[in-house]
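What follows is one structure encoded as structure tokens, with my remarks underneath.
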Amino acid sequence: MKKALITGVTGQDGAYLTKLLISEGYKVFGTFRRNSSVNFWRLQELGMHNHPNLKLVEFDLTDQANCIHLISEIQPDEVYNLAAQSFVGVSFKQPLTTASVTGIGALHLLEAIRIVNPKIKFYQASTSEMFGKVHEIPQKETTFFHPRSPYGVAKLFAHWATINYRESYDIFGVCGILFNHESPLRGKEFVTRKITDAVAGIKLGTADILELGNLDAKRDWGYAEEYVECMYRMMQQETPDTFVIATNRTETVRDFVTMAFKAIDINIAWEGTGENEIGINKANGETLVKVNPEFYRPAEVELLIGDPSKAKTMLGWAPKTTLEELCKMMVEKDIERNEKAINAGITAGTSF
Ligand code: NDP
Ligand code: GDR
């Protein structure tokens, strides 16, 4: 039985990848952090939490000794490094923590592999945030990197460290440059889930307004469950490589808001500009969306659209779920969750 180690198994991608690898016949070792309250809700939602082929192990990426012990005890065939401080907004407030976890953390794992067993395959969760400022569209594997946040900078370090270990030590180090991917398991701090959760609350009467930052930012949003399939396929190639994974469609945050309200049969009209822009319910003139500059970032990535041609050719992969389907799926799941919370008498503080 092949063994895979997934760091960050409590996150969105970690949960979906666990499900996929178990279905492929792997024994999965998934890492979680020692916290005052551990959080397995995503694995639970996928019915994976108690699966006999999943072993949950305590781990912190910032601890080099922990990395070496983990790799030598488990001796995995494949390591998927998904753990990160992954929220771009927070990275401006906690740049050093972000550098340590998201950047140096990957190097800790690469060093552990080099020391313990250089035959272990390594997947690094690289990101379209490394492209940052627009130099070329659509962005592809050869596009110039110009990160716009401490998160992007840290990810770029980890990206080049992986390539460097590939070239220096012959380690099978793969980099998946994944564009934004969302799902009902997305964290609520990210804009799509913040929107779908608020739309669900507005429908059920537990929320009245959605406050957002930059509505003009354009993102190439795909479906997370389809994206983890690419991680697995990249690791099954003969030689380690770098791949862009994207849908090749881009929409503004404003478009996504309009789409999410449409899923509950509300048509939004936009009025005003910049900080004064509002989204109103066309049917009754009620203001449902407003801009709050508190959510602006010191530097923004204005436009992301990826070219996944290489993945199509070499991995035989193409996205299937449209953004409209993804958005509707997220809204419906949030309505279901919010209804359950209302029925259970919970109004705030739920982990999902
Ligand atoms: P999440 O934020 O949902 O999950 C991140 C995971 O990292 C969580 O399990 C978290 O644990 C864990 N983690 C954080 N700090 C540490 C640490 N010090 N030691 C060990 N584990 C830690 O991210 P996603 O699932 O969305 O993304 C997976 C990876 O892919 C991330 O590296 C992200 O940066 C990258 N990526 C994501 C994209 C996306 O659109 N989703 C696009 C491109 C790249 P805990 O639950 O305890 O916080
Ligand atoms: P991003 O995702 O920064 O692209 O990083 P996020 O959903 O946080 O932001 C997307 C865009 O929406 C704008 N925005 C807001 N964002 C948030 N979170 N909250 C708001 O209220 C809001 N209003 C507008 C942002 O400014 C931004 O332009 C995600 C993460 O998963 C990273 O880990 C990953 O690497 C990249 O996607 C690819």
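Here the structure is a predicted model, which is why all the values come from computation and not from measurement. All ligand and atom numbering here is 1-based and tracks the order in the structure.
- When only non-hydrogen protein atoms are considered, atom 27 (O) of ligand 1 lies nearest to D13 OD2, 3.7 Å.
- Here the heavy atom of the protein found nearest to atom 33 (C) of ligand 1 is Y151 OH, 3.6 Å.
- Ion pair R219/E300 flagged as a salt bridge, since at least one NZ, NE, NH1 or NH2 atom sits closer than 4.0 Å to an Asp/Glu carboxylate oxygen.
- Of the N or O atoms in D60, one or more lie within a sub-3.5 Å distance of an N or O in ligand 1.
- Between F145 and H135, the gap from one ring centroid to the other reaches at least 6.0 Å.
- Residue S183 forms a side chain to side chain donor-acceptor pair (under 3.5 Å) with just one option from E225, R42, Q12, and that option is Q12.
- Of all atoms in ligand 1, numbered sequentially from 1 with element shown, those under 4.0 Å from a heavy atom of A125 are 29 (C), 30 (O), 32 (O), 35 (C).
- Annotation: ring-ring contact (aromatic ring centres under 6.0 Å, His included) contacts involving residues 279-309, sequence neighbours excluded, are absent.
- Considering backbone and side-chain N/O of N81, none are found under 3.5 Å from N/O of ligand 1.
- Contacts of Y227 classified as ring-ring contact (aromatic ring centres under 6.0 Å, His included), with partners at least two apart in sequence or in another chain: H181, W317.
- Ranking the protein heavy atoms by distance from atom 11 (O) of ligand 1 puts T10 OG1, 3.3 Å first.
- The single protein non-hydrogen atom nearest to atom 17 (C) of ligand 1 is R33 CD, 3.5 Å, given as residue, atom name and distance.
- Considering only non-hydrogen protein atoms, atom 14 (C) of ligand 1 sits nearest to A84 O, 3.2 Å.
- On a distance-only criterion, L178 and ligand 1 share no N/O pair closer than 3.5 Å.
- The protein non-hydrogen atom at the shortest distance from atom 6 (C) of ligand 1 is G8 CA, 3.7 Å.
- A salt bridge is defined here as a Lys NZ or Arg NE, NH1 or NH2 lying under 4.0 Å from an Asp or Glu carboxylate O, and K194 with E189 fails to meet this definition.
- Applying the ring-ring contact (aromatic ring centres under 6.0 Å, His included) rule to F40 yields the partners F32, H49; only residues at least two apart in sequence or on another chain are considered.
- Which parts of ligand 1 touch T127 is read off a 4.0 Å heavy-atom cut-off, strictly below it: atoms 43 (C), 44 (C).
- A heavy-atom cutoff of 4.0 Å around ligand 2 is satisfied by the protein residues S86, F87, V88, T127, S128, E129, Y151, N180, R186, E189, F190, V191, K194, L212, G213, N214, A217, R219, V253, F295, R297, E300.
- Close N/O approach between T31 and ligand 1 is not found [any backbone or side-chain N/O within under 3.5 Å].
- E332 and K328 are joined by a salt bridge, as a carboxylate oxygen and a charged side-chain nitrogen come within less than 4.0 angstrom of each other.
- The existence of a salt bridge linking D255 and K218 is excluded, since no basic side-chain nitrogen approaches an acidic carboxylate oxygen closer than 4.0 Å.
- Using a cut-off of 4.0 Å between Lys/Arg side-chain N and Asp/Glu carboxylate O, E251 and R249 are scored as salt-bridged.
- Contact annotation for S126 and ligand 1: only backbone heavy atoms (N, CA, C, O) come within less than 4.0 Å of the ligand.
- Between V101 and ligand 1, no N or O atom pair is found at a separation short of 3.5 Å.
- Salt bridge present: R254 and E277 bring a charged side-chain N and a carboxylate O closer than 4.0 Å.
- Under a 4.0 angstrom heavy-atom cut-off, T7 registers as lying outside contact with ligand 1.
- Distances shorter than 4.0 angstrom do not occur between any heavy atom of G176 and any atom of ligand 1.
- For the pair R193 and D334, the salt-bridge criterion is met [side-chain N within less than 4.0 Å of a carboxylate O].
- Here CG of L156 is found 11.5 Å from OH of Y151. Values are rounded to the nearest 0.5 Å.
- Contacts of N35 with ligand 1, taken as heavy-atom pairs under 4.0 Å, involve the side chain alone.
- Ring orientation note: the planes of Y232 and Y26 are nearly perpendicular, at an angle over 60° on the 30°/60° scale.
- Residue contacts with ligand 1 include K155, since one of its heavy atoms falls under 4.0 Å from the ligand.
- Remark: minimum distance from atom 19 (N) of ligand 1 to any protein heavy atom is reached at L61 N, 2.9 Å.
- What you find for P138 and T143 is that their closest heavy atoms are O-OG1, 4.3 Å.
- Near R186, meaning under 4.0 Å from any of its heavy atoms, are these atoms of ligand 1: 26 (O), 39 (C), 40 (O), 41 (N).
- For ligand 1, the polar-atom distance check finds no N/O of E182 at less than 3.5 Å from any of the ligand's N/O atoms.
- Note: an N/O pair closer than 3.5 Å links L82 and ligand 1 by distance alone.
- Numbered from 1 in the order shown, with element, the atoms of ligand 1 that lie under 4.0 Å from a heavy atom of N180 read 40 (O).
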